[in-house]
Engineer: 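Got a structure for you, written out below as structure tokens; questions coming shortly.
Lettering of chains follows the sequences in order, A, B, ..., and the numbering in each one begins at 1.
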Number of protein chains: 2
Amino acid sequence: MEAVTETMVAADAREETRARIEQAALDLFTAQGFEAVTIDEVADAAGISRRTFFRYCSTKADAVWGQFDGHVVRLEGMLAAAAADQPVLASVYAAYVEVNDYAAADLPMLRQRMRLILTEPALLAHSQLRYADVDRVVAAHVARRTGVAPDTLVPRLVATSTRAAATTAFELWLADGEITLGAALHQAFDELAAGFPSLRLPG
Amino acid sequence: MEAVTETMVAADAREETRARIEQAALDLFTAQGFEAVTIDEVADAAGISRRTFFRYCSTKADAVWGQFDGHVVRLEGMLAAAAADQPVLASVYAAYVEVNDYAAADLPMLRQRMRLILTEPALLAHSQLRYADVDRVVAAHVARRTGVAPDTLVPRLVATSTRAAATTAFELWLADGEITLGAALHQAFDELAAGFPSLRLPG
DNA sequence: TTGCCGGTGGCACTGGGTGTCACCTACGGT
DNA sequence: ACCGTAGGTGACACCCAGTGCCACCGGCAA
């Protein structure tokens, strides 16, 4: 459409379309609610056909998640590269903080995305499927480090409860508005790793 | 259909129909997979119409969960009745164990149900919506006990991570076949409450 | 008998998701 | 310049979950 467009290779055009879909979906879902928006409306807003929408996003809910697969891969890489002498829980904690260390420019979109995911029931449900991938990666890391099978108690429990901590940190970050995402993660992980010390303080 | 049926009041007939739907759904989903079974097939197997199915279960996934609302209510009651001098985490732990103390006769159906929920992606996603109710109840209890708002870090974190522990215990119970559900819950909660002590043991 | 009422089934409709095909465009080979 | 191919796209038809509406049928009270 413009001078820039002319020089675009196919991959670039694809990426640009993907971004348009994502932005259209986030805006429409935020304005009208996830259920109230039709895929036809998202497709129209993104300037593509309904059929093409499903070639980019396998599900209506997928449109909200963007490049989440890349996050899981990055998390996996960080865990694999963690220092061998670092305590297991600390390595998981550090990887979660690092993978969620967004540039300031990305924070508004992240807020929009997470608000939708934590607010809209259908998206909250769908999130479980995405988080299951994260859990597998974390459980595999814990299992490797402790020398047990990945489907035993401790790896699974560490994976699910650290993810619960991360999700809680996101909720806190969304609701507060003041606190940093990193600070929220820090608080949540400290509570978890120490067995909820603040519950033992005088009421 | 039989002599017993003649004496049934409306409420009894409704309960009997509900049970037939649940059993038909569990069996069909187990045999052919959740996605592969149509609601028409479940309705036919239960001897009702498709439209009536939706009067008993608001969702295809709901057919698997049975009387789960009652469990949440019971959990809430147990937490409210917990001794005031009992540590908060211990009261949550005890309530989870008690609400999951099934009669031996109910265990096969529970196994079938939980296997589906933890195995089928659509049901796993849906479970997040059911568990959100549990989390609210637990968070409210922790908040009441600690004198903070229910939507702050500690209540939310305790709720999500204890539920993560319970879910992990269910996974363990399903996969193992030997271990008791109560024993699995015990192991998971002990790990969680002590900050994952087994991670500090020699490799 | 009449009128009401709760549960049921049938029907039509919306909307998410998939399979299929025809088209078009960019590219490499001749 | 021509042709063939391959990948992205749009249009269409289809399946199925879920909803609204109405007609029916049973029991029950006046």
Engineer: Separation of Arg14(A) atom CZ from dT25(C) atom P, in whole Å?
Structural biologist: 19 Å

Engineer: Enumerate the residues from residues 46-55 of chain A whose closest heavy atom to DNA chain D is under 4.0 Å, giving them by residue number; use none for an empty result.
Structural biologist: Ile48(A), Ser49(A), Arg51(A), Thr52(A), Arg55(A)

Engineer: With Phe54(B), which residues qualify under side-chain contact (heavy atoms from CB on, under 4.5 Å), at least two apart?
Structural biologist: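 With sequence neighbours excluded, Phe54(B) shows a side-chain contact (heavy atoms from CB on, under 4.5 Å) to Ile39(B), Arg50(B), Arg51(B), given in chain and number order.
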
Engineer: Just grab all the salt bridge (Lys or Arg N to Asp or Glu O under 4.0 Å) pairs involving residues 120-139 of chain B, residues at least two apart or on different chains.
Structural biologist: Asp62(B)-Arg130(B), Asp69(B)-Arg130(B), Asp133(B)-Arg136(B), Asp135(B)-Arg163(B)

Engineer: Please list, by residue number, the residues of residues 23-38 of chain A whose heavy atoms come closer than 4.0 Å to an atom of DNA chain D; answer none if no residue qualifies.
Structural biologist: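 Those residues: none at all.
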
Engineer: For a quick test of reading the model: is some side-chain N or O of Tyr56(A) closer than 4.0 Å to OP1 or OP2 of dT9(D)?
Structural biologist: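 The answer is yes; a side-chain N or O of Tyr56(A) sits under 4.0 Å from OP1 or OP2.
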
Engineer: What residues form a side-chain contact (heavy atoms from CB on, under 4.5 Å) with Asp101(A), not counting sequence neighbours?
Structural biologist: none

Engineer: Taking CD in Gln32(B) as the centre, count heavy atoms belonging to other residues, nucleotides or ligands within less than 6.0 Å. Is the count above 12?
Structural biologist: yes

Engineer: Is the shortest heavy-atom distance from the side chain of Tyr131(B) to the side chain of Leu124(A) under 4.5 Å?
Structural biologist: no

Engineer: Quick one: Lys60(B) NZ to dG18(D) P, roughly how many Å, whole number?
Structural biologist: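 After rounding, the reported distance stands at 8 Å.
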
Engineer: Can you identify which nucleotide, out of dG16(C), dA17(D), dT9(D), has its nearest atom closest to the Ile39(B) side chain?
Structural biologist: dA17(D)

Engineer: Below 30° counts as parallel, above 60° as perpendicular, anything between as tilted: where do the rings of Phe189(A) and Tyr96(A) land?
Structural biologist: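 Plane angle between 30° and 60°, so tilted.
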
Engineer: Output the residues of residues 113-122 of chain A in contact with DNA chain C, where contact means a heavy atom of the residue under 4.0 Å from an atom of the strand; sort by number or write none.
Structural biologist: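 Under 4.0 Å from DNA chain C: no residue of residues 113-122 of chain A.
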
Engineer: Using atom CG of Asp40(B) as one end and atom C1' of dG10(C) as the other, report the distance to the nearest whole Å.
Structural biologist: 12 Å

Engineer: Below 4.0 angstrom, N of the basic side chain to O of the carboxylate: do Arg74(B) and Glu98(B) qualify?
Structural biologist: no

Engineer: What orientation do Trp65(B) and Phe68(B) show, parallel under 30°, tilted 30 to 60°, or perpendicular over 60°?
Structural biologist: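 Plane angle over 60°, so perpendicular.
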
Engineer: So which atom in Ala139(A) and which in Pro150(A) form the shortest heavy-atom distance, rounded to 0.1 Å?
Structural biologist: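 Here Ala139(A) and Pro150(A) meet closest at CB-O, 4.0 Å.
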
Engineer: So, do Ile21(B) and Thr52(B) sit near enough that their side-chain heavy atoms are less than 4.5 Å apart?
Structural biologist: no

Engineer: Between Phe29(B) and Arg115(B), is there a cation-pi geometry (under 6.0 Å to ring centre, at most 45° from the normal)?
Structural biologist: no

